[in-house]
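This report concerns only the one structure given below.
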Amino acid sequence: MSLLSNLINLNLSDSMEKIIAEYIWIGGSGMDIRSKARTLPSPVTDPSQLPKWNYDGSSTGQAPGEDSEVILYPQAIFKDPFRRGNNILVMCDCYTPQGEAIPTNKRFNAAKIFSTPEVTAEVPWYGIEQEYTLLQKDVKWPLGWPVGGFPGPQGPYYCSAGADKAFGRDIVDAHYKACLYAGVNISGINGEVMPGQWEFQVGPSIGISAGDELWVARYILERITEIAGVVVSFDPKPIEGDWNGAGAHTNYSTKSMRNDGGYEVIKKAIEKLGLRHKEHIAAYGEGNERRLTGRHETADINTFLWGVANRGASIRVGRDTEKNGKGYFEDRRPASNMDPYVVTSMIAETTILWKPT
């Protein structure tokens, strides 16, 4: 095993120009992260320098067997924390051989929204709080829970320390450092309310970068849990009953919101979000109705309300934003399994581009 570790940790940059590029994309379910690697002749610093590639879409639920080729377009580059050296991770989106975005390519429409002059001028910032649950591999039961049983009630686990309260910290910390190494704009981590559940935050990130960075952070987490022999779940309500669900609270601001007088801009934006509540809920993740019950720090899925420092609201405005008269707000509705390309671009579209009739 020591020889295997030595080979895995070989630094190719010491002896050659060639690098390994791991191409990453999103499969047909919308949550299955796929990847494959190829050798490139020399280091690369920009996605435009990378070749397009293809894969068998019939094996990912994205193309029929008789016409199965799907083309990968490189969109963003990150350092590879697993192979290190000059090796890279490449976030891609997916197209037909004719150059049309396939239906599961949510990045394409998001990029169009973020490239409109009105949205670009507002420099939208996002901070996404990604919650997730670590599960024991063979029994699919939360890490640290007795098999077939339950731990003590919620209360001592949130932001906790101790072997009887914090389960999986080595995985969480490894992920934190790997994301920083990769160039993901990860801003923090914490233990969550339900034992075995954790959160990391990505941002502030501008526009389409928020989606790229969150997907790469999810990929890195999948790889680290693979090494650890643990399963990561993004289910919004992994355990039924008196346990918190898992969300992806999305913090948002525009240039106008961050400037003097921004609080009035924020209130108008929240009003527009309320008018499109059903449309947003429909796009905010599968199974979200199991989480948004009006309990466990959520608003009921059929109710839109906002408030200052209210964690039971659909939209929460922070005390500092109210005090300073400018800042950001938090959309608490997105589920942990939401697509960040969809959520971030939809918030921008509704608050900047959409004109109520």
Side-chain angles (χ1 to χ4, degrees), residues 5 8-9 11 22 24 26 31 33 35 76-91 125-137 142-144 156-206 209-236 238 244-251 328 330 334-338 340 343-344:
S5 295
I8 291 171
N9 293 321
N11 187 351
E22 189 79 27
I24 303 165
I26 302 153
M31 276 303 292
I33 308 175
S35 76
I77 290 176
F78 298 84
K79 292 170 65 178
D80 187 337
F82 304 103
R83 296 187 176 107
R84 287 169 284 186
N86 291 322
N87 303 301
I88 55 174
L89 305 177
V90 184
M91 191 65 212
W125 288 3
Y126 297 91
I128 303 173
E129 305 171 27
Q130 175 69 72
E131 295 177 344
Y132 61 93
T133 308
L134 296 174
L135 304 177
Q136 301 169 57
K137 181 182 176 184
L143 199 66
Y157 310 106
Y158 173 68
C159 295
S160 65
D164 59 340
K165 295 181 287 294
F167 309 121
R169 188 185 298 277
D170 52 348
I171 293 169
V172 174
D173 214 41
H175 176 251
Y176 194 177
K177 291 180 179 179
C179 284
L180 285 171
Y181 177 93
V184 171
N185 195 19
I186 188 169
S187 50
I189 54 141
N190 61 268
E192 266 305 327
V193 177
M194 189 183 86
Q197 197 173 86
W198 294 81
E199 173 184 300
F200 66 87
Q201 302 95 32
V202 166
S205 303
I206 299 172
S209 296
D212 290 338
E213 291 180 15
L214 189 70
W215 273 115
V216 169
R218 284 175 171 176
Y219 173 80
I220 292 171
L221 182 58
E222 291 274 14
R223 288 282 304 275
I224 289 172
T225 52
E226 172 191 326
I227 294 166
V230 170
V231 174
V232 59
S233 171
F234 295 104
D235 190 287
N244 273 36
H249 303 151
T250 302
N251 299 275
Y328 71 97
E330 175 192 39
S336 51
N337 60 1
M338 62 81 158
V343 169
T344 57

On a heavy-atom basis, the closest approach of Ile189 and Phe200 is CG2-CB, 3.9 Å
Extract all donor-acceptor atom pairs below 3.5 Å that involve side chains of residues 211-223 and protein atoms in other chains or at least two apart in sequence.
| residue | atom | partner | partner atom | Å |
| --- | --- | --- | --- | --- |
| Asp212 | OD1 | Arg107 | NE | 2.9 |
| Asp212 | OD1 | Tyr341 | OH | 2.6 |
| Asp212 | OD2 | Arg107 | NH2 | 2.9 |
| Glu213 | OE1 | Asn185 | N | 3.1 |
| Glu213 | OE1 | Ser205 | OG | 2.9 |
| Trp215 | NE1 | Asp339 | OD1 | 3.4 |
| Arg218 | NE | Gln130 | OE1 | 2.9 |
| Arg218 | NH1 | Met338 | O | 3.1 |
| Arg218 | NH2 | Gln130 | OE1 | 2.9 |
| Arg218 | NH2 | Ser336 | O | 3.0 |
| Arg218 | NH2 | Met338 | O | 2.8 |
| Tyr219 | OH | Ser35 | OG | 3.1 |
| Tyr219 | OH | Arg223 | NH1 | 2.8 |

Least distance between heavy atoms, Leu143 atom then Gly168 atom: CD2-CA, 3.7 Å
So, using side chain to side chain contact (heavy atoms under 4.5 Å, CB included) as the criterion, who are the partners of Asn9 when residues are at least two apart? Ser5, Arg84
Taking every non-hydrogen atom, the tightest pair across Tyr181 and Asp80: CE2-O, 3.4 Å
NZ of Lys137 to OG1 of Thr225: how many Å apart, nearest 0.5 Å? 10.5 Å
List the steps, then state whether side-chain contact (heavy atoms from CB on, under 4.5 Å) holds for Phe78 with Ile88. CA-CA 6 Å; Phe78 298 84; Ile88 55 174; over 6 Å; no
When rounded to the nearest 0.5 angstrom, what is the spacing between CZ in Phe82 and CD1 in Ile227? 5.5 Å
Starting from the C-alpha separation in whole Å, work towards a yes-or-no answer on side-chain contact (heavy atoms from CB on, under 4.5 Å) for Tyr158 and Glu192. CA-CA 5 Å; Tyr158 173 68; Glu192 266 305 327; 4.2 Å; yes
Over all atoms of both residues, closest heavy-atom pair of Trp125 and Pro204: CE3-CB, 4.4 Å
Name all residues meeting the side-chain hydrogen bond (donor to acceptor under 3.5 Å, both in side chains) criterion together with Arg169; count only those two or more places apart in sequence or in a different chain, and write none if there are none. none
Would you kindly say whether Gln201 and Asn190 are connected by a side-chain donor-acceptor distance under 3.5 Å? yes
What's the verdict on side-chain contact (heavy atoms from CB on, under 4.5 Å) for Ile33 and Ile24, showing C-alpha distance, side-chain angles and the deciding distance? CA-CA 7 Å; Ile33 308 175; Ile24 303 165; 3.7 Å; yes
All heavy atoms of Tyr328 vs all of Asn251, minimum pair found to be CE1-OD1, 3.3 Å
Those residues that, when tested against Asn337, pass side chain to side chain contact (heavy atoms under 4.5 Å, CB included) (two or more places apart): Met31, Phe234, Pro236, Glu286, Ala335
Is a side-chain N or O of Ser187 found less than 3.5 angstrom from the main chain of Gly203, in a donor-acceptor match? yes
Nearest non-hydrogen partners of Gln197 and Pro238, listed with the distance: NE2-CG, 4.3 Å
Any pair with a residue in residues 170-180 that passes side-chain hydrogen bond (donor to acceptor under 3.5 Å, both in side chains), sequence neighbours left out, goes on the list, sorted by first then second residue, please. none
All salt bridge (charged side-chain N to carboxylate O under 4.0 Å, His left out) counterparts of Glu330, not counting sequence neighbours: Arg316, Arg332
Using the rule side chain to side chain contact (heavy atoms under 4.5 Å, CB included), only one of Val343, Ile206, Thr250 pairs with Tyr126; which is it? Thr250
